[in-house]
Amino acid sequence: MTPRAPTPPDRPCPPSAPSSAVPPGPAPEPGTAAPGPGTGTGPDSAAGSASGSGPVSGPGSASGTGRHGIRAAWIMLASGWSGNQFSALLGAYRTESGLSESTVTGLFALYVVGLAPGLLLGGPLADRTGRRPVALLALALNLLSTCMLMVGAAHPAWLLVGRFVTGVSAGALLAAGSAWIKELSAGAAEHTAARRAGLFVSGGFATGGLVAALIAQWAPHPMVTAYLPHLALTLAAGVAALPAPETLPGRATGRAAGRTPGRAPGRPPEPPHPDGPGPAAPAPRQHAVPTGPTGPTGPTGPRPHERPRHSFARSVLPLAPWVFAAPTIGFATLPGLVDGGLDGWRTVYAGLATAVVPGSGLLAQPPGRRLAARHPLAPALAALVTIALGLVLAVLATLAAAAHGPALALLAAAVLGAGYGLALSYGLTRVAALAPPDRLARLTAHFWTLAYTGMFAPYVVTLLSGPFDPPVLLGAGAVLALLTGVLLAVLHRAPAPRRPDAGGAP
């Protein structure tokens, strides 16, 4: 038998290939950034839809990047809006509906409880069945949850169900929607594609709480009318995202590419064996050596022979809880510590705080991109230093609550929000670079789950406020943020673990 020469990974498509075939390319390696599915730019990438069995336009096409990616991102705005509209109404539920402090606190916590199953189930489901159906179903559930909260104005028991369903739907939207939008934006700049979902989520956080607070302050029937903007936004986001195609490999291009049983979704067919009718035996897989700003073995990129989950653990996990620990302290803890002299304006002040935190997070995105261009780890370290600074300002605000507390607390909230924006953009970018295409939604869900554990930070502060004063707890948080930065830097410099089968398939 004649030995078979290995097939070059960049071999062009033969002229006789069917017009609906996906152009072959090198298979993505574990731990490396993989291009989104359907990113071909040649004639074959557009011909898949001509057969009637594929999407109208691939996510990497000009149409997908310029139109579908942006339009689908509006569902993330609706998700962020739904999470923060209730936060700004906590004081109104105490005064208007007569709910106790413990009941209102429990309702806030139910959102976080619902997020966990939404994220952990929505991510794997989107990796199996597709990003589009899971994201659109979660958006419909998000709409239903707001209707439940409106009914809760007359029947408070519905508030419990509504808050839990809000968390489930928002979690599934974050898991499936983040992966869908990133893949729809595959033709855009790398940082734009990875951070687009985070930008729209932050926009929803910023506007949802403020609009709900303003309505609750002056509009009639505030516990009903405050939710009307989210209903309109969710319906509009669903209409905008509906034309966007599926992006999951195999679901988007499998039929058009003539998939065969036993072949991984989105992978091109094996070339025929020169000595027989069947496919040739695959050549041994080689581990790609990642390259980037720090070199092939730099401390920030995925390392040879390192699984994605190992890279995730050392580069994302330590930072993830700070993503939402910082903003929740800014808009949930600080207003209650400094609003003693704000009689009649507490709801507006709470809404202003919920807008300042994510709003400054949005403004931190461009500096974060410039920091990432200098060194990929720089945004993470800058985020932790910024969060520590915001907590120091929070200490000063609580100590000067009687004189300048509210104004200084808003400044602290803005700084904490900037840290949130830097941390969120870094986390989403790292996850997009580490995850293989068939596990992107799952790894994204893990990131969001870890990030949302930070929303328990206000309850930790409340729980420990008995034996410790709030300024002491906030100061301890600043020290902990700096120590997290040191840990992150050490983990990036530590040698990567060697796998016993480093020379074989993963």
Side-chain angles (χ1 to χ4, degrees), residues 55-57 59 63-88 111 114-115 118-119 122-123 125-126 130-150 162 165-185 188 192-193 195-212 215 225-248 354-355 358-359 361-362 424 428 441 444-445 448:
V56 173
S57 61
S63 175
T65 300
R67 183 163 52 102
H68 293 311
I70 291 291
R71 293 180 64 170
W74 286 94
I75 66 175
M76 307 304 288
L77 186 76
S79 175
W81 188 296
S82 70
N84 235 17
Q85 63 181 348
F86 188 87
S87 303
Y111 173 76
L115 276 167
L119 286 164
L125 186 63
R131 286 75 159 100
R132 185 178 185 272
V134 176
L136 293 179
L137 178 61
L139 185 68
L141 196 62
N142 197 248
L143 178 70
L144 179 63
S145 69
T146 294
C147 295
M148 293 176 180
L149 293 175
M150 296 172 70
V165 176
T166 300
V168 173
S169 61
L173 269 174
L174 289 171
S178 295
W180 191 30
I181 294 161
K182 186 262 179 185
E183 292 167 346
L184 284 170
S185 307
T192 301
R195 293 170 176 166
R196 183 168 284 169
L199 288 171
F200 275 79
V201 168
S202 299
F205 282 141
T207 52
L210 179 60
V211 171
I215 293 176
T225 54
Y227 295 109
L228 292 178
H230 180 254
L231 293 183
L233 173 63
T234 307
L235 289 172
V239 172
L242 200 60
E246 178 57 65
T247 59
L248 181 67
T354 60
L362 284 171
L424 179 61
L428 289 175
T444 302
W448 284 115

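None of the values given here were measured: they were computed from a predicted structure. Hydrogens, waters and symmetry mates are skipped; everything else that's a heavy atom, side chains included, is used.
- Using modelled atom types, one finds no donor on one side chain facing an acceptor on the other under 3.5 Å when comparing N84 with T354.
- Under the 4.5 Å side-chain criterion, counting only non-hydrogen atoms from C-beta, T207 is not in contact with P229.
- With values rounded to the nearest 0.5 angstrom, L144 atom CG is found 6.0 Å from C147 atom SG.
- For the residue pair S79 and L173, the shortest heavy atom distance occurs at CB-CD1, 3.8 Å.
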Residues L242, R132; criterion side-chain contact (heavy atoms from CB on, under 4.5 Å); working and verdict = CA-CA 9 Å; L242 200 60; R132 185 178 185 272; 3.8 Å; yes
Chi angles and distances behind the side-chain contact (heavy atoms from CB on, under 4.5 Å) call for L231, M150 = CA-CA 11 Å; L231 293 183; M150 296 172 70; 3.6 Å; yes
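- The two residues A175 and G123 have their closest heavy-atom pair at CB-N, 3.6 Å.
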Carefully, step by step, assess T146 and T234 under the rule side-chain contact (heavy atoms from CB on, under 4.5 Å).
-> CA-CA 10 Å; T146 294; T234 307; 5.8 Å; no
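- Closest of all the heavy-atom pairs between L119 and L174 is CD2-CB, 3.9 Å.
- The OG1 atom of T166 sits 9.0 Å away from atom CZ of F86, with the distance rounded to the nearest 0.5 Å.
- Contact between L362 and L199 at its shortest, heavy atoms only, is CD2-O, 3.3 Å.
- The CG atom of L184 sits 11.5 Å away from the CZ atom of R71 when rounded to the nearest 0.5 Å.
- Separating the CZ atom in F200 from the OG atom in S178 is a distance of 12.5 Å, to the nearest 0.5 Å.
- To the nearest 0.5 angstrom, L136 atom CG is 12.5 Å from N142 atom CG.
- Between V211 and W81, some side-chain heavy-atom pair lies under the 4.5 Å cut-off.
- Atom CG of L428 is separated from atom CD1 of I181 by 10.5 Å, given to the nearest 0.5 angstrom.
- In this structure a side-chain-to-backbone donor-acceptor pair under 3.5 Å is present from R131 to A126.
- Closest heavy-atom contact between A237 and W74: CB-O, 3.6 Å.
- Between H230 and Q85, the closest heavy-atom pair is CB-OE1, 3.4 Å.
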